[in-house]
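Inspection log for the structure reproduced underneath, given as structure tokens.
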Number of protein chains: 2
Amino acid sequence: MLVSTRGRYAIRIVLELSSREKGERVSLSELSKKQEISLKYAETIVALLVKAGLLDGQRGKRGGYRLTRDANEISVGEILIITEDSLSPVACLDCKPNQCERASSCKTLPMWEKLDDLIKSYLFSITIADLN
Amino acid sequence: MLVSTRGRYAIRIVLELSSREKGERVSLSELSKKQEISLKYAETIVALLVKAGLLDGQRGKRGGYRLTRDANEISVGEILIITEDSLSPVACLDCKPNQCERASSCKTLPMWEKLDDLIKSYLFSITIADLN
DNA sequence: CATTTTCCTACCTTGTCAATAGGTTGGAAA
DNA sequence: TTTCCAACCTATTGACAAGGTAGGAAAATG
């Protein structure tokens with residue numbers, strides 16, 4: 001499988017945030033209830049998104065999270081790159097330049113590279129605004 | 001990651017077989033040496049391919065494996081479907097009809113379905129003959 | 001009958017996914 | 001200024017799959 005729950009939950013959380021008034025802060029407890037994701041697990045996912053600058057969080061009463069950008073400027077691919085360890089269809093594409101000893105003579109490498117391209121261009125072409 | 005070593009090794013083994021004289025039997029010890037895959041691991045992979053009817057094996061002296069079809073009639077996708085537990089980009093696409101409770105209202109499902117389509121059409125369009 | 005090779009069953013180790021637990025810090029309202 | 005809320009931080013856990021091993025049984029051939 002290419003995309004784990006972490007990435008899929010992340011998309012859902014961003015999607016939920018994008019459906020709110022722009023700039024409105026939403027608490028994680030509300031987000032996790034709405035999306036039926038455990039609060040604790042959602043915490044770990046949201047932390048990644050904040051660290052990447054996609055969300056910003058404010059503590060204290062009436063605190064919560066909000067998007068730092070418009071929904072049409074956030075692609076699904078971007079969210080997945082943040083939350084998934086890898087989006088590549090095969091491991092050997094992860095470290096550039098390619099570390100595999102047989103890379104130079106590998107008959108399948110061009111195929112994997114094309115597939116990787118296909119997948120990533122598709123996922124980066126779709127924005128959160130497209131989904132809502 | 002979408003494709004594990006099992007699937008990739010399987011492709012390499014079929015590729016190696018396709019480079020031989022048609023109908024020639026090749027022992028697994030030779031195949032595994034040529035492709036630098038441990039004999040024992042190669043056994044488990046080849047067993048899947050035999051069970052699926054893509055290879056046939058003969059025991060005893062001068063035994064070995066050979067393809068049951070021409071290389072231009074074997075697609076990469078077919079090999080991967082046999083060797084990988086799943087080729088889907090997300091888990092919810094694996095059991096049809098979709099078991100996910102939120103499927104009917106899921107805003108991302110159409111996207112995953114299109115991605116799945118994209119990946120599978122690509123992999124099924126490439127044959128072993130194309131790679132050699 | 002000895003050798004070669006496939007075939008079969010079981011096991012092991014490692015790492016990641018998915019999720020939980022418990023606490024600390026910061027901010028705002030009462 | 002106290003209280004409460006909510007984000008933040010640092011482990012830890014259980015389940016499962018990936019990746020690979022081990023040992024032997026069955027069949028074919030010379």
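Just the heavy atoms: all of them, side chains too, but no hydrogens, waters or symmetry mates, feed the values below. Chain naming here is simple, since letters A, B, ... match the order of the sequence lines and numbering starts at 1 in each.
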So with a 6.0 Å cut-off around CZ of R62(B), is the heavy-atom count from everything else above 12?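 Not more than 12 within 6.0 Å, no.
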
Would you say CZ of R69(B) has more than 12 non-hydrogen atoms from neighbouring residues, nucleotides or ligands within 6.0 angstrom?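 Counting other residues, nucleotides and ligands, CZ of R69(B) exceeds 12 neighbours.
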
Taking the minimum atom-to-atom distance to the side chain of [X], which one of [options] wins?
| X | options | value |
| --- | --- | --- |
| E43(B) | dT6(C), dT21(D), dC17(C) | dT6(C) |
| S27(B) | dT20(C), dA18(D), dT5(C) | dT5(C) |
| S4(B) | dG19(D), dA22(D), dG23(C) | dG19(D) |

For atom [atom1] of [X] and atom [atom2] of [N], their distance in whole Å:
| X | N | atom1 | atom2 | answer |
| --- | --- | --- | --- | --- |
| Y41(A) | dC17(C) | OH | C1' | 6 Å |
| R59(A) | dT24(C) | CZ | P | 14 Å |
| K51(A) | dA7(D) | NZ | C1' | 16 Å |
| L39(A) | dG23(C) | CG | C1' | 14 Å |
| I45(B) | dT21(D) | CD1 | P | 11 Å |
| L28(B) | dC7(C) | CG | C1' | 11 Å |
| E84(B) | dA17(D) | CD | C1' | 12 Å |
| R25(B) | dT29(D) | CZ | P | 9 Å |

Kindly say if [X] contacts the phosphate of [N], meaning a side-chain N or O under 4.0 Å from OP1 or OP2.
| X | N | answer |
| --- | --- | --- |
| S38(A) | dA19(C) | no |
| Q58(A) | dA28(C) | yes |
| Y65(A) | dC8(D) | yes |

Mapping M1(A) and G60(B) onto DNA chain C by nearest heavy atom, which one lands closer to the 5' end?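 Between the two, 5'-proximity favours G60(B).
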
With DNA chain C as reference, determine whether G57(B) or K61(A) sits nearer its 5' end, using the nearest nucleotide of each.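 Taking each residue's closest nucleotide, the earlier one in sequence belongs to G57(B).
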
Could you tell me whether the side chains of Y41(A) and S32(A) share a donor-acceptor contact shorter than 3.5 Å?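 The answer is no; no qualifying pair exists.
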
Main chain of A129(A), side chain of N132(A): is a donor-acceptor contact present, judged purely on distance under 3.5 Å?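 Not confirmed, N132(A) side chain does not pair with A129(A) backbone.
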
Among R25(B), Q35(B), R20(B), find the residue that satisfies the side-chain hydrogen bond (donor to acceptor under 3.5 Å, both in side chains) test when tested with E30(B).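 Passing option: R20(B).
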
